[in-house]
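The structure appears below as structure tokens.
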Amino acid sequence: MTTESTSERARAERYQPGEIEARWQARWQADGLYRVRDHVEGRPNRYHLTMFPYTSGDLHVGHWWAMAPSDTLARYFRMRGHNVLFPMGFDAFGLPAENAAIKGGAHPKDWTDANVVRMRRQLRSMGASFDWDREVVSSHAGYYRWTQWWFVQMFKRGLAYKKAAPANWCPSCNTTLANEQVKDGACERCDTLVEQRFMAQWFFRITDYAEELLDNEALDWPEHVKVMQRNWIGRSEGAEASFALEQPIPNRIVTSDHGAELVRGTTEIRVFTTRPDTLHGVTFMVLAPEHPLVPLLTTPAQAGAVREYQERASHATEIERQATDREKTGVFTGTYCINRLTGDRVPIWIADYVLATYGTGAVMAVPAHDERDFAFAGRYGLPVKVVIAPPDWDGQPLAEAWTAPGTLVASKQFDGMPSTEAKRAIASYLEQQGWGGPKIQYRLRDWLISRQRYWGAPIPIVTCPDCGEVAVPEDQLPVELPYDVEFRPTGQSPLALSPEFVATTCPQCGKPAERETDTMDTFMCSSWYFMRYADPHNEAAPVSREAAEAWLPVAQYTGGSEHATMHLLYARFFYKVARDLGLVPGDEPFTRYFAQGQILGPDGRRMSKSRGNVVAPDDQVQKWGADCFRAYLMFLGPWDQGGPYDVDGIVGVSRWLNRTWTVVVDPPARVTDTARGRELRHTVHATLKKVGEDFEEKRFNTAIAALMELTNELQRLRDAGSTDGDAWDEAVRMLSLMLAPACPHIAEELWARNGATGSVHQQSWPVFDPALVVRDTVTLVVQLNGKVRGRIEVAAGADEAAARAAALADPRLGEALAAVDVQRAIYVPGRLLNFVAR
RNA sequence: GCCGGGGUGGCGAAACGGCAGACGCAGCGGGCUUAAACCCCGCGGCCGCAAGGCGUGUGGGUUCGAGUCCCACCCCCGGCACCA
């Protein structure tokens, strides 16, 4: 009869995640449980942030993989007494909206807004503790007004400038791209090979901050991300040197497709080199085929060959041009310059292994000491002049370039000097003579932010025939993105096709003028969104100093490391500008950053519709519940590692939650038994210690495993029929609290069912009792010469003598030890006793 | 080529220099059930009847003791790479 009624009750009280989760989510929302105030007495502020999602349409497993542990961490720190800001929003501008619009006929704005509604609902189903009152949507005028404000500040500080230059052009996306958005010569977004187009574009002077951005050593970030940023910035120390042209070029007017312009003549060619110590060994010069001086330097006899080469180079893809194993080719321009240090006459060549966009777009070639120059000289029969003698060099021609340090020869007054010293000496000599001097060069280029597309924030600039480029005054922002526009991409900005948008008046002189029609790179939106969360409704500023002081910088940021050289670098740049504007405290936006790994499809490949390996989170939630799905993602493995999503494994977590449910709603009989109670209390407190430490270190997988062990222990006690009532109550209470960060709904339900008042999410994280964590007796492993020979039980505080005695008293061990000549023993209290014998 | 991160059961993974494989998945055996599912119990690195031996990519080393520390190498993943 008893069994009957118990199983009846268990059936009636089955764990039903769907019902529980919907109920508690509604309740939390109604109670405003996660609304965050800027200041709460006795609770220090702490800002946790996970990267906001792009409004692609549906939340995918990757979002859950990123956000569920982030939420768990935020909840844990809240329980640890912090006033935690954990906001959410949407990165809503960008190309996919336009592409979807072109395909499906919906307007990008409507498409995006619908996705926001959909994704917001999906995010809510996670049961995360986001403060939705602080939501930002980057495509809403209330937000992009401030994105434009940022542009204006950059412009006012001379950090934004327009320049005609070769730009990365993606023919599929129909827009220019920043350097950071080109990977292996292809568009980072769509993999189409990029072309170089000469266009007038807006840039941000991120290079002004190169040195400061390079200084990331002290940041609590993953090492690999810091290294990626340092590589990307690419600092090189060296010198700039000027070479005199044999025939100076006079100023003259040049007419081209871009109109007539004055081209200043020059008497020199400047180069950047990291090897000023080899300056005396220069035997030729190489300019990039795109170098502006090339047409002016080329002799009529060479004009045909040069033009042909330039033509060929312009058609080569970036990939071809950047292949390191590519044959070095070039042509002679027919003219010469003079090496000022030696007076040597040096022929000027062009070759496509020289990049127009790095340094001065020209290099001095020292074939004896540079592999590339050596290969080039070999191919075209150019002289090789040794100026750094390899050890034991006999004066014979080199078989390959000598690039290591050495001693200078054939270098006039620098002969005999070690090359490391000569670098400095020659650089300062150049400076003294006015021929150049020490120089630091970065690989990082200025950030190209113009996009010839519709769905972005318009660049707030007006071009006036009289005043030139004038920023739209802050009080006239936003420059609204018109809704009624033909947004099909044509290669020029769709806004240019809207006369009503383009026609305006100059803010300075009031005369008719034209608006800039390009929009801004969407990475602008994400470069400052974390500041806006601190003060999302401010109409007077992007963020007030007060709110910034309350929350910034972000204490814990999480997101994928694919953004290492894009978002994470841009955001650091913005933050430094914000600091210079007096807007925010500190120098860095993200004190601590954690890069989670990437979750893959069950087949181990990136999830994508075309591969058909997409797991829809909504389905998982529907089938298993949000708590189960959250816990499973955290249980899969280390968070920074990522890996395939195994659809079959989740049942294990579901079984665990069901067992947890069962033991709590259908407990064993209560007795008073302090000995058994103490055993249980030991397990509970040891778990408490372990789970707390794991959460601190973001080891969610082992935290969940420890909770599983606790549940298994409770299950054993339940099967045994009875247990100490008080210890059981404590165990259940602690279990609910420990479950709260990872599985917020079931934790709340079990908390309530045990008659506790208030939300489990407003409780403090319990403190473990160290006295209960240690055990009274411990099992010692007894080894003989490092091999396990047996185990003994001793008191926890046993000394070596006691442990030895216990080992000898053990019949098997005693016999084994008697048979050998024990030299000494190693005793590790609580762990092992190792006898060392001959 | 350079930089970073990894190689542990059939699979995901654990492991302050101290019992390798916790916790799970899949598998096998059993129970419950008319049956199936669910659920519960048990078994589970390899060789061996056993005693025992061998096992954390490979080869060395340090140590009473090495998955863990040191040296050399192999393989996988990520980033950078004609940047003068």
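By convention in this document, chain letters (A, B, ...) are assigned in the order of the sequence lines, proteins followed by strands, and residues within each chain are numbered from 1. None of the values given here were measured: they were computed from a predicted structure.
Residues forming a ring pair (Phe, Tyr, Trp, His ring centres under 6.0 Å) with A:Phe594 (at least two apart in sequence, or on another chain): A:Trp639. Listed by chain and number, the residues in a ring pair (Phe, Tyr, Trp, His ring centres under 6.0 Å) with A:Phe629 are A:Trp64 (sequence neighbours excluded). A:Trp447 meets the side chain to side chain donor-acceptor pair (under 3.5 Å) test with A:Asp521; sequence neighbours excluded.
To the nearest angstrom, C1' of B:C2 lies 15 Å from CD of A:Glu223. Look at CG on A:Asn231: it is 7 Å from C1' on B:G79, rounded to the nearest Å. With rounding to whole Å, A:Asp370 atom CG is found 14 Å from B:A81 atom C1'. Look at CG on A:Asp694: it is 11 Å from P on B:C16, rounded to the nearest Å. The nearest whole Å value for the distance from the CZ atom in A:Arg659 to the C1' atom in B:C41 is 13 Å. Rounded to an integer number of Å, the gap from A:Glu180 CD to B:G79 P is 16 Å.
The residue from A:Trp624, A:Tyr645, A:Trp65 that alone fulfils the ring pair (Phe, Tyr, Trp, His ring centres under 6.0 Å) condition with A:Tyr632 is A:Tyr645.
No N or O donor and acceptor, one from the side chain of A:Arg230 and one from the base of B:C3, sit under 3.5 Å apart.
Comparing A:Lys690 and A:Leu636 by the nucleotide of RNA chain B that holds the closest heavy atom to each, the one mapping nearer the 5' end is A:Leu636. Comparing A:Glu327 and A:Ala705, the nucleotide of RNA chain B nearest to each residue sits closer to the 5' end for A:Ala705.
Nucleic acid contact class of A:Asp640 (heavy atoms, under 4.0 Å, all strands): none. Among the atoms of the strands shown, none is found under 4.0 Å from any heavy atom of A:Arg699.
B:U56 and B:C40 have their C1' atoms separated by 34 Å, given to the nearest Å. B:C46 and B:C41 have their P atoms separated by 24 Å, given to the nearest Å. The same atom, C1', is picked in B:C25 and in B:C73; the two are 35 Å apart, to the nearest Å.
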Without placing hydrogens or testing angles, list every side-chain donor-acceptor pair under 3.5 Å for residues 233-243 of chain A, not counting sequence neighbours.
from	atom 1	to	atom 2	distance (Å)
A:Arg235	NE	A:Glu211	OE1	3.1
A:Arg235	NE	A:Glu211	OE2	3.3
A:Arg235	NH1	A:Glu237	OE1	2.8
A:Glu240	OE1	A:Arg270	NE	2.9
A:Glu240	OE1	A:Arg270	NH2	3.3
A:Ser242	OG	A:Glu268	OE1	2.7
A:Ser242	OG	A:Arg340	NE	3.1
A:Ser242	OG	A:Arg340	NH2	2.6

Under 3.5 Å, side-chain donor or acceptor atoms of residues 819-826 of chain A against the rest of the protein: list the pairs with distances, not counting sequence neighbours.
from	atom 1	to	atom 2	distance (Å)
A:Asp821	OD2	A:Gln823	NE2	3.4
A:Asp821	OD2	A:Arg838	NH2	3.3

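The strand RNA chain B forms stems, runs of 3 or more Watson-Crick or G-U wobble pairs with distances below 3.5 Å, at B:1-7 with B:74-80, B:10-12 with B:23-25, B:27-31 with B:39-43, B:45-47 with B:52-54, B:57-61 with B:69-73.
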Under the criterion salt bridge (Lys or Arg N to Asp or Glu O under 4.0 Å), I'd like the reasoning laid out for A:Arg230 against A:Glu217: C-alpha separation, chi angles, the key distance, then a yes or no. CA-CA 10 Å; A:Arg230 287 199 288 267; A:Glu217 201 61 60; 3.5 Å; yes
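In this structure, B:G9 is classed as syn because its glycosidic torsion stays within 90° of zero.
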